[in-house]
Amino acid sequence: MSDQRKLQIYHTIKLVPEGKVASYAQIADLAGLPRRARLVGYYLKQLESTNTIPWHRVIKSNGEIAFPNDSEMAKKQCQYLLSEGVSVTNFRINMKKYQWMPEIVDILYNLKF
DNA sequence: CACGTGACATATC
DNA sequence: CGATATGCCACGT
């Protein structure tokens, strides 16, 4: 069922460490669903307010917050990020500095030999 | 079954 | 940096 993809996506987002961010596309890739960034957004939209998923660490690939700049959600997301050390300026984040680089990439690299 | 929508992305100009 | 075009796909209508 599609429930599997949903869980896979949620699981992947939970791996993003505090103080780091990941794009919708990156989450989709790591979840085994390449080119399906929109699906990540779709499932995040389904979250209940009681979840423990760090949804605020998921942003657009260009570094922008996905919500409209004048929305309450955008403000909340910025606040969460700032509180964990991620600098946010005009609803934008410096990806070079804060993009999450999953350890699994290194592990896979080492397994090549 | 045909369209429109959307917490997205990438390529080109 | 912005603007356009195209890809993507689950869902609702």
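The aromatic rings of A:H56 and A:Y80 lie tilted to each other, with the angle between the two planes from 30° to 60°.
Taking atom CG on A:L39 and atom P on B:dA9, their separation rounds to 13 Å, with Å as the unit. Computed from coordinates, the A:N69 CG to B:dA7 C1' distance equals 13 Å when rounded to whole Å. Per the geometry, CG belonging to A:L30 stands 16 Å off C1' belonging to B:dA9, to the nearest Å. Taking atom CZ on A:R35 and atom C1' on B:dA9, their separation rounds to 11 Å, with Å as the unit. For the pair A:I27 CD1 and B:dA9 P, the computed distance is 11 Å after rounding to whole Å. A straight line from CZ of A:R92 to C1' of B:dA7 spans 18 Å, rounded to a whole angstrom. For the pair A:N62 CG and B:dT10 P, the interatomic distance rounds to 9 Å; values are reported in whole Å. To the nearest angstrom, P of B:dA7 lies 14 Å from CD1 of A:I65.
The separation of B:dA7 from C:dT4, taken at their C1' atoms, amounts to 23 Å, rounded to a whole angstrom.
A donor-acceptor pair is defined here as one N or O able to donate and one able to accept, closer than 3.5 Å; no such pair exists between the side chain of A:N90 and the backbone of A:R92. Of the possible polar contacts, none joining the A:Q77 side chain to the A:F67 backbone as a donor-acceptor pair under 3.5 Å is found. Side-chain atoms of A:Y10 come within 3.5 Å of backbone atoms of A:Y43 as a donor-acceptor pair (strictly under, hydrogens ignored).
Separating the CG atom in A:L39 from the CD1 atom in A:I9 is a distance of 4.5 Å, to the nearest 0.5 Å. Annotation: the span from A:L81 atom CG to A:K20 atom NZ amounts to 12.5 Å, rounded to 0.5 Å.
Of the residues near DNA chain C, A:R38 and A:Y43, the one whose nearest nucleotide (by heavy atom distance) lies more toward the 5' end is A:R38.
First and last contacts of DNA chain C with chain A, using any nucleotide atom under 4.0 Å from a protein heavy atom and ordered 5' to 3', fall at C:dG7 to C:dC11.
Under a hydrophobic clustering in which Ile, Leu, Val, Met, Phe, Trp and Tyr are joined whenever their side-chain heavy atoms come within less than 4.5 Å, directly or via other members, A:L47 and A:I65 fall into the same cluster.
Residue A:F67 is classed as a base contact, given a heavy-atom separation below 4.0 Å to a base. As judged by a 4.0 angstrom heavy-atom cut-off over every strand, A:L44 is placed among the base-contacting residues. Within 4.0 Å of A:K60, counting heavy atoms only, lie sugar-phosphate atoms of the nucleic acid but no base atom.
At the phosphate of B:dA9, OP1 or OP2 sits under 4.0 Å from a side-chain N or O atom of A:S61.
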